[in-house]
Visitor: 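Dropping a structure here in structure tokens format, bear with me for questions.
Being a predicted model, the structure only gives us computed values, none of them experimental. Whatever order the structure lists ligands and atoms in, that order sets their numbers, starting from 1.
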Amino acid sequence: MNRSEMLSQLGETEIWDIVVIGGGATGLGIAMDAAQRGYKTLLLEKFDFAKGTSSRSTKLVHGGVRYLAQGNIKLVREALRERGLLLRNAPHLTRTQPFIVPSYHWWEKWYYGIGLKLYDLLAGSLGLGKTGFLNAAELLQRIPVAEKKNLSGGVSYFDGQFDDARLAIHMAMTAVEQGAVVLNYMEVTGLRTAGKKITGVEARDLINGKDHYIPARAVINATGVYVDEVLKMEDPHSPGMVAPSQGVHIVLDRRFFPTNTALMIPRTSDKRVLFAVPWNNHVVVGTTDTPVESVDAEPLPFRDEISFIIYHFNKYLTSDIRESDIKSIFTGLRPLVKSGNTGNTAILSRDHTILVSPSGLVTITGGKWTTYRKMAKDAVDNAVFVAKLPAKSCGTDQLRLHGWIAEVDPADPLHHYGSDAPKIRLRWRADPESAARLHPDFPYTWAELDFAVEEEMAMTVEDLLARRMRILFLDASAAIALALPVAERMAGLLGNHEAWIEQQVISFTQTARGYLP
Ligand SMILES: Cc1cc2nc3c(=O)[nH]c(=O)nc-3n(C[C@H](O)[C@H](O)[C@H](O)COP(=O)(O)OP(=O)(O)OC[C@H]3O[C@@H](n4cnc5c(N)ncnc54)[C@H](O)[C@@H]3O)c2cc1C
């Protein structure tokens, strides 16, 4: 996947069947689906793929135990089916994760146990393992740092886990293999209409400043929390459909949670669930749900949100963490769909919503990472209908994602590359220095940087340290320390000069400071 090649293909197509705005989980899923059906498909992303909410999730491929408690069986059943399909179609990027719900009151074990048994039932043949009951000693064996006072045992169950940004990159590569053109750093700045029908989009290349007019039969707005901005390009009086809500996660060293089992705290003081999930030799703890007024590309956590997470971690675990123990904090914005006037975003719809404007613009938002495939199918079906494109059936339930391999060895540090791993090993052999690590605390090597620039469209230091490698999300200080050597090596590969290196180091350091406690 190479940006210059993508740009040259942009000029070769007179009119696109489907133009997708937004390169997060939703837009990338749509591009894969539309291209797989055989439509001429173009995806335009303003920043990098998954720069938005899609790199800032809890990293769970799940049915949503919380939605089960709310009685939303349809949503849970659909998400569990999608969970099963994703684990099957991307085994190198996903895995089965054991979870435990601790019980500190006699009734909790039975209440959550019965609910989770239903969760198993709803997953049917795509289930990941059986829910079971644990006594206190068994629970402590699995999570030695669990709070012992009043512990009566717990429930163990299984869900899916993944690396969100890496999955996004592999989805972009899959879309390209299916015939799509995908471009990062290409911002849609306007929509064009003729006789009130949408005829294309205006876009600006943020790397070279060039403007493009791109004719299209159908346009899909998949811009997450930004959907209202695109709707306003069409109708400045559009009331908008999204109520953004922010979710914060903190990342800690594994020593504070030395286990491979994840913890699910079923009821926090604001009646939500909170997770502590092992991830890349660290533990991710979150999340919050705080309504926010404005949308920012780098949302910042509120102090209360950090204290809330620390309080609950320390209440259920004996590790006793404090703010200075945090390695990184990341914040994402949920695109919750408005349903009248309510100040509480926790009760707004978590399902996806599709809006078809009078011009034929199809807007899709809401939903979850886990359900991206079903969301994409619904969006493409709508676009095909509205633009009167010839109907073609969706086959993404069987589509193996880029890198798919039959046997995955989780102990192999390159396993998430799947069938691309031998390409990295080949680079190590050709240039043994490229097998050295960027940083002693992380397994990433310089050959992977080269691969990210040459094959995965990494254009900036942030693309590399935040999404191709997850160092910014795991340890913000380590990422800042790497900014200069990474910028220097990338500049050599991209043909950029000294001024670019300087600008990249300044802008990355500024962004990364927002991830420090
Ligand atoms: C805190 C949190 C935790 C979550 N955890 C989970 C989880 O564990 N599991 C799960 O299944 N789901 C989870 N979700 C939900 C999931 O992350 C989101 O539903 C999903 O990532 C939304 O993807 P998206 O593509 O719709 O939006 P985004 O990822 O935000 O993508 C929209 C993209 O559009 C681009 N864009 C905007 N304007 C333009 C323009 N004018 N031109 C071109 N591009 C533009 C943006 O740059 C952005 O990249 C979580 C969400 C949050 C907030």
Visitor: Give a yes or no on whether Lys46 atom NZ has more than 12 heavy-atom contacts from other residues, nucleotides or ligands under 6.0 Å away.
Guide: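 Yes - once you tally the heavy atoms of other residues, nucleotides and ligands closer than 6.0 Å, there are more than 12.
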Visitor: Counting only heavy atoms and a distance below 4.0 Å, can you name the residues contacting ligand 1?
Guide: Ile21, Gly22, Gly23, Gly24, Ala25, Thr26, Leu44, Glu45, Lys46, Phe47, Gly52, Thr53, Ser54, Arg56, Ser57, Thr58, Lys59, Leu60, His62, Met186, Glu187, Val188, Ala222, Thr223, Gly224, Tyr226, Gly247, His249, Thr287, Gly332, Leu333, Arg334, Gly367, Lys368, Trp369, Thr370
Visitor: What is the ring orientation for Tyr372 with Trp369, classed by angle as parallel under 30°, tilted 30 to 60°, or perpendicular over 60°?
Guide: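 Because their plane-to-plane angle is over 60°, the rings of Tyr372 and Trp369 count as perpendicular.
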Visitor: Assess whether salt bridge (Lys or Arg N to Asp or Glu O under 4.0 Å) is satisfied between Lys51 and Glu462, documenting all intermediate values.
Guide: CA-CA 9 Å; Lys51 154 82 178 179; Glu462 189 200 313; 3.0 Å; yes
Visitor: Please determine whether the number of non-hydrogen atoms from other residues, nucleotides or ligands lying under 6.0 Å from atom CZ of Phe385 exceeds 12.
Guide: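 Atom CZ in Phe385 is not crowded, with 12 or fewer foreign heavy atoms closer than 6.0 Å.
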Visitor: Please work out which of the three classes, parallel, tilted or perpendicular, describes the rings of Phe99 and Tyr157, given edges at 30° and 60°.
Guide: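 Rings of Tyr157 and Phe99: parallel, as their planes differ by under 30°.
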Visitor: Please report the closest heavy-atom contact between Leu464 and Ala452, naming both atoms and the distance.
Guide: CD1-CB, 3.6 Å
